[in-house]
Amino acid sequence: MFSVFSRAGRRERGATRLAAAALVSGLAMAGAISGTGSAFADDGTREPGGASATLGGLETYGSAVIHDGERDEQVSAGLFRMTVDGGGMLQTYCIDIHNPTQTDARYQETPWSGTSLSGNADAGRIRWILQNSYPQVNDLAALARKAGSGSLTEQDAAAGTQVAIWRYSDQADVEAESPAAEKLADYLQKSASALPEPGASLTLTPGAVSGRPGERLGPVTVHTNADAVSVTPPALAAADGVTIVDKAGRPVTSAADGSQIFFNVPKEAAAGSAALTVEASTTVPVGRAFTSETRSQTQILAGSSESTVAATATANWAETGAVPALSARKNCAKSGVDITAVNKGDEPFTFSLMGTEYTTPAGATRTVTIPLQEDQAYDFTIKGPHGFEKRLRGVLDCRTVAAAVGSGDDGLTTQTTTQPSPASVGGSGAGTDLAETGSSNATPVIAGVAIALVVVGGASLILVRKKKTPTDGE
């Protein structure tokens with residue numbers, strides 16, 4: 001194995017981009033949090049919303065060369081295929097050149113703010129490239145005429161598109177080995193203009209609400225590009241009389257973009273919690289990012305079939321005492337994970353976090369940050385009143401290698417392997433020197449590193465309701 005370092009110029013640009021970042025985003029593999037009790041099982045795998053998928057590997061690709069000032073590194077460059085949970089297929093490019101991928105890694109649709117694209121002034125240019133190149137443009141003859149590249153194969157088109165993306169996503173000094181692919185990359189890089197971030201395929205805001213029995217808890221607003229979504233209330237909560245309704249109190253079984261829905265909790269309901277799920281079939285917008293809970297390359301969407309997307313929101317209620325609703329977000333500007341507590345109860349909500357106590361007064365909202373190192377795996381369990389329990393786990397992956405090295409912090413570097421992936425063997429003719437930006441055989445090593453980081457960074461966060469407001473430990 002070997003470490004991949006960036007040129008000094010790339011380090012400076014990466015550090016500048018990182019300094020400009022202001023990240024508050026969906027936390028991969030954590031999502032919204034509320035009390036669980038006996039209302040529903042929570043194994044820490046619920047998502048913030050959108051498409052969830054499993055990485056299959058490189059599908060159409062050529063080869064490229066990264067120049068790092070000291071050595072040249074050959075890499076595969078092209079389209080990945082993902083299989084969507086519940087049905088559907090995705091095609092993606094990588095925006096994380098120095099990280100390997102893990103075959104069968106789990107991915108979740110994520111806002112740009114949850115990735116290294118946050119604070120990247122060129123992120124909108126990447127979306128332009130995706131919309132104006134392969135596979136969105138599948139007339140390769142027309143694409144070749146625009147690029148002045150001569151005849152383009154699908155492999156050339158995929159490699160050239162990936163190379164152009166890397167120049168903006170990673171500030172990489174990289175070129176395609178195929179002359180036609182290189183001309184396409186140059187054309188795309190020079191022609192790209194900034195486009196706005198696409199909206200989510202499906203998400204719910206807020207992802208957690210709280211209140212008292214006898215109230216409609218919410219609203220929870222639906223955001224989607226689908227024509228309609230189905231709304232499924234929790235079976236156990238329904239048995240206790242909890243229903244999902246609109247603002248007027250009418251039962252809801254379907255909704256559309258902008259719809260507001262509520263948990264209708266009967267006055268006699270005992271303290272507890274519930275979750276609702278919304279689901280739809282739609283195409284995921286080109287340009288949406290996908291991140292993994294493991295150290296596997298961040299991806300950006302190039303194409304989508306009709307796919308199943310889903311989101312979950314939770315509610316927590318009690319007649320007296322603290323009634324918290326919690327949500328978690330990556331905050332890369334602070335190098336950590338924000339935990340936000342909204343307390344709709346009549347007593348303060350106090351919890352101990354990394355040896356420090358924090359209090360959210362009755363009727364107030366408070367956010368605290370769990371500090372983490374870049375690339376650090378984390379595994380937290382949060383517990384509280386009324387059977388409240390939530391597990392948060394994942395990897396803090398907010399920077400490209402250029403940013404991490406250039407920031408002058410802990411000097412972390414990313415390891416790649418010199419062994420070819422199954423997708424690379426015989427594919428590009430690059431031989432065993434082809435580094436694995438495609439499917440990786442480094443999974444056991446990466447898993448071992450992740451386990452070690454969990455041991456270093458994991459913690460148990462025990463939340464306790466108190467009668468009096470203690471002093472905040474900040």
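A side-chain donor-acceptor contact under 3.5 Å links Glu306 and Ser281. If you check the side chains of Gln299 and Thr92, you find a donor sitting under 3.5 Å from an acceptor. Using modelled atom types and a 3.5 Å distance limit, the side chains of Thr54 and Asp104 yield no donor-acceptor pair. Judged by distance alone, the side chains of Ser178 and Asp156 do bring a donor and an acceptor atom under 3.5 Å apart. Counting only N and O atoms by type, the side chains of Thr369 and Asp338 include a donor and acceptor under 3.5 Å apart. A donor-acceptor pair shorter than 3.5 Å cannot be found between the side chains of Glu73 and His67. In this structure, a donor-acceptor pair under 3.5 Å is absent between the side chains of Gln102 and Gln297. With hydrogens and angles left out, the side-chain atoms of Glu109 and Ser201 include a donor and acceptor closer than 3.5 Å.
Counting heavy atoms from C-beta on, the side chains of Arg167 and Asp186 come closer than 4.5 Å. Counting heavy atoms from C-beta on, the side chains of Ile244 and Phe262 never come closer than 4.5 Å. Contact check for Ile339 versus Leu326: side-chain heavy atoms found under the 4.5 Å cut-off. Here the side chains of Val231 and Thr253 are not in contact, with every heavy-atom distance at 4.5 Å or above. Between Gln91 and Leu301, the closest side-chain pair of non-hydrogen atoms is not below 4.5 Å. Here the side chains of Thr365 and Thr340 are in contact, with some heavy-atom distance below 4.5 Å.
From Ile261, atom CD1 reaches atom NZ of Lys247 across 14.5 Å, with rounding to the nearest 0.5 Å. Here Tyr187 contributes atom OH and Lys146 contributes atom NZ; the two are 5.0 Å apart, rounded to the nearest 0.5 Å. One finds the CE atom of Met82 at 11.5 Å from the OG atom of Ser304 (value rounded to the nearest 0.5 Å). Atom CG of Leu117 and atom CG of Asp122 lie 10.0 Å apart (nearest 0.5 Å). Atom OG of Ser169 and atom CD1 of Ile126 lie 4.5 Å apart (nearest 0.5 Å). Here CD1 of Ile97 is found 11.0 Å from CD1 of Ile165. Values are rounded to the nearest 0.5 Å.
Under the 3.5 Å distance criterion, the side-chain polar atoms of Asp68 are matched with a main-chain donor or acceptor of Glu70. In terms of modelled atom types and a separation under 3.5 Å, the side chain of Glu182 and the main chain of Pro179 share no donor-acceptor contact. In this structure, the side chain of Glu59 does not engage the main chain of Leu79 through any donor-acceptor pair within 3.5 Å. Of the possible polar contacts, none joining the Thr161 side chain to the Ala159 backbone as a donor-acceptor pair under 3.5 Å is found. In this structure, the side chain of Gln260 does not engage the main chain of Asp246 through any donor-acceptor pair within 3.5 Å. Side-chain atoms of Arg288 come within 3.5 Å of backbone atoms of Pro198 as a donor-acceptor pair (strictly under, hydrogens ignored). For Trp166 (side chain) and Asp173 (main-chain N/O), no donor-acceptor pair under 3.5 Å exists by modelled atom type. Judged purely by atom type and a 3.5 angstrom limit, Gln162 uses its side chain to pair as donor or acceptor with the backbone of Cys94.
Residues Ser149 and Leu184 come closest through the heavy atom pair CB-N, 4.4 Å. Nearest heavy-atom pair across Gly86 and Thr308 is O-OG1, 3.0 Å. Closest heavy-atom contact between Ser191 and Trp128: CB-CH2, 3.6 Å. Nearest heavy-atom pair, Tyr134 versus Tyr93, reported as atom, atom and distance to 0.1 Å: O-OH, 2.8 Å. Annotation for Ala313 and Val220: closest pair CB-CG1, 4.0 Å, computed over non-hydrogen atoms. Closest heavy-atom contact between Arg127 and Val286: NE-O, 3.6 Å.
For Arg295 and Glu374, the salt-bridge test fails: no basic side-chain N is under 4.0 Å from an acidic carboxylate O.
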Next item on the list: Go through Leu202 and Val278 one step at a time and tell me if the side-chain contact (heavy atoms from CB on, under 4.5 Å) criterion holds.
Entry: CA-CA 9 Å; Leu202 177 60; Val278 296; 3.8 Å; yes
Margin query: If you apply the rule side-chain contact (heavy atoms from CB on, under 4.5 Å), what do you find for Arg106 with Leu55, and how did you get there?
Written below: CA-CA 7 Å; Arg106 300 271 301 132; Leu55 185 69; over 6 Å; no
Checklist line | Test side-chain hydrogen bond (donor to acceptor under 3.5 Å, both in side chains) applied to Thr221 and Thr205, step by step | finding: CA-CA 5 Å; Thr221 303; Thr205 57; 4.8 Å; no
Margin query: The test is side-chain hydrogen bond (donor to acceptor under 3.5 Å, both in side chains); show your working for Glu177 and Ser63 and say whether it passes.
Written below: CA-CA 6 Å; Glu177 286 198 327; Ser63 58; 2.6 Å; yes
Next item on the list: Report the C-alpha separation of Thr282 and Asn225 in whole Å, then their side-chain angles, then the decisive distance to 0.1 Å, and conclude whether the side-chain hydrogen bond (donor to acceptor under 3.5 Å, both in side chains) test is met.
Entry: CA-CA 7 Å; Thr282 187; Asn225 68 339; 3.2 Å; yes
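Only one option out of Val229, Leu204, Thr203 pairs with Thr224 in a side-chain contact (heavy atoms from CB on, under 4.5 Å); it is Val229. Among Leu90, Thr110, Thr298, Ile300, the single residue meeting the side-chain contact (heavy atoms from CB on, under 4.5 Å) criterion with Phe290 is Leu90. Across Ser52, Ser296, Ser292, a single residue satisfies side chain to side chain donor-acceptor pair (under 3.5 Å) together with Tyr107, and that is Ser296.
Annotation for Asp139: atom CG counts as buried by contact number, over 12 foreign heavy atoms lying within 6.0 Å.
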